[in-house]
Amino acid sequence: MTKHRNPIPTVDIIIEIEDQGIILIKRKNPPYGWAIPGGYVNYREPFEDAAVREAEEETTLKVMLLRQFHTYSDPDRDPRQHNTTTVFIAKAKGEPVASSDAKEIGVFTAGNLPDNLCFDHRQILLDYFNNKY
């Protein structure tokens with residue numbers, strides 16, 4: 001009998017801070033580097049709820065989801081395993097604070113993205129800034 005395997009669902013949240021840019025976190029755990037806030041979807045949890053939960057866990061901000069952006073599913077997008085991500089665009093007000101899996105937090109624009117972005121987050125952000133989807 002063949003063992004059935006599925007990709008693991010995750011969410012990422014591009015959080016827009018009014019007139020400043022978008023929030024990225026520096027990860028505490030491997031793979032290290034800067035990343036869009038996000039994480040795993042829990043069993044029986046709607047993806048939208050997972051996005052709001054993960055955003056607050058990692059940035060302490062309560063976000064308002066604006067829309068679903070795109071799903072990224074390349075089997076090699078995450079070096080740990082085959083994770084897919086559904087990306088949401090959200091907005092928030094306030095001062096983000098690194099929390100949970102984040103050891104540092106920053107606000108960035110298209111012109112000052114950090115070099116060491118994890119996963120396929122550079123491509124996701126290029127798509128976002130270029131309004132690809």
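We count residues from 1, following the sequence as given. Scope of the values below: all heavy atoms of this structure, side chains included, with no hydrogens, waters or symmetry mates.
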Sequence-distant partners of Asn6, side chain to side chain donor-acceptor pair (under 3.5 Å), two or more places apart: His4
What pairs of residues pass the side-chain hydrogen bond (donor to acceptor under 3.5 Å, both in side chains) test when at least one of them lies in residues 96-111, not counting sequence neighbours? Thr109-Asn112
Kindly indicate whether the side chain of Gln68, heavy atoms from C-beta on, has any atom under 4.5 Å from the side chain of Thr86. yes
Donor on one side chain, acceptor on other, Thr10 and Asn83, under 3.5 Å: no
Using only atom types and a distance under 3.5 Å, with no angle test, would you say the side chain of His70 pairs donor to acceptor with the backbone of Thr85? no
Side chain to side chain donor-acceptor pair (under 3.5 Å) involving Asp19 - partner list, sequence neighbours excluded: none
Minimal heavy-atom distance between Pro37 and Glu58, with the atoms involved, is CA-OE1, 3.2 Å
Does Thr60 reach the main-chain N or O of Glu56 with its side chain, forming a donor-acceptor pair under 3.5 Å? no
Would you tell me whether Tyr72 and Asp12 have side-chain atoms, one donor and one acceptor, within less than 3.5 Å of each other? no
Sequence neighbours left out, what pairs pass side-chain hydrogen bond (donor to acceptor under 3.5 Å, both in side chains) with at least one residue falling in residues 22-36? none
Taking atom CZ of Arg80 as the centre, does the number of heavy atoms from other residues, nucleotides or ligands within less than 6.0 Å exceed 12? yes
Between Tyr128 and Glu16, do the side chains contain an N or O donor and an N or O acceptor separated by less than 3.5 Å? yes
From CA spacing to verdict: side chain to side chain contact (heavy atoms under 4.5 Å, CB included), Glu18, Lys91: CA-CA 7 Å; Glu18 194 170 320; Lys91 69 178 181 178; over 6 Å; no
Using a cut-off of 6.0 Å, state whether more than 12 heavy atoms not belonging to Glu45 lie near its atom CD. yes
Could you please spell out the steps behind the side chain to side chain contact (heavy atoms under 4.5 Å, CB included) verdict for Ile124 and Ile36? CA-CA 9 Å; Ile124 293 170; Ile36 301 167; 3.7 Å; yes
Working to the nearest 0.5 angstrom, can you tell me the gap between Asp127 CG and Arg122 CZ? 12.5 Å
Other cluster members, Leu65 - Ile/Leu/Val/Met/Phe/Trp/Tyr, side-chain contacts below 4.5 Å: Val11, Ile13, Ile15, Ile17, Ile23, Ile25, Val41, Phe47, Val52, Leu61, Val63, Phe88, Ile105, Val107
Hydrophobic clustering (ILVMFWY, side-chain heavy atoms < 4.5 Å, transitive) - are Phe108 and Leu126 grouped together? no
Over all atoms of both residues, closest heavy-atom pair of Pro31 and Cys118: O-SG, 3.4 Å
With side chain to side chain contact (heavy atoms under 4.5 Å, CB included) as the criterion, how do Leu113 and Leu24 come out once you've worked through the C-alpha distance, each side chain's angles and the decisive distance to 0.1 Å? CA-CA 9 Å; Leu113 292 176; Leu24 296 177; 4.2 Å; yes
Who pairs with Phe119 by ring pair (Phe, Tyr, Trp, His ring centres under 6.0 Å), at least two apart in sequence or on another chain? His121
Step by step, work out the side chain to side chain contact (heavy atoms under 4.5 Å, CB included) result for Val87 and Ile14. CA-CA 7 Å; Val87 181; Ile14 298 171; 3.8 Å; yes
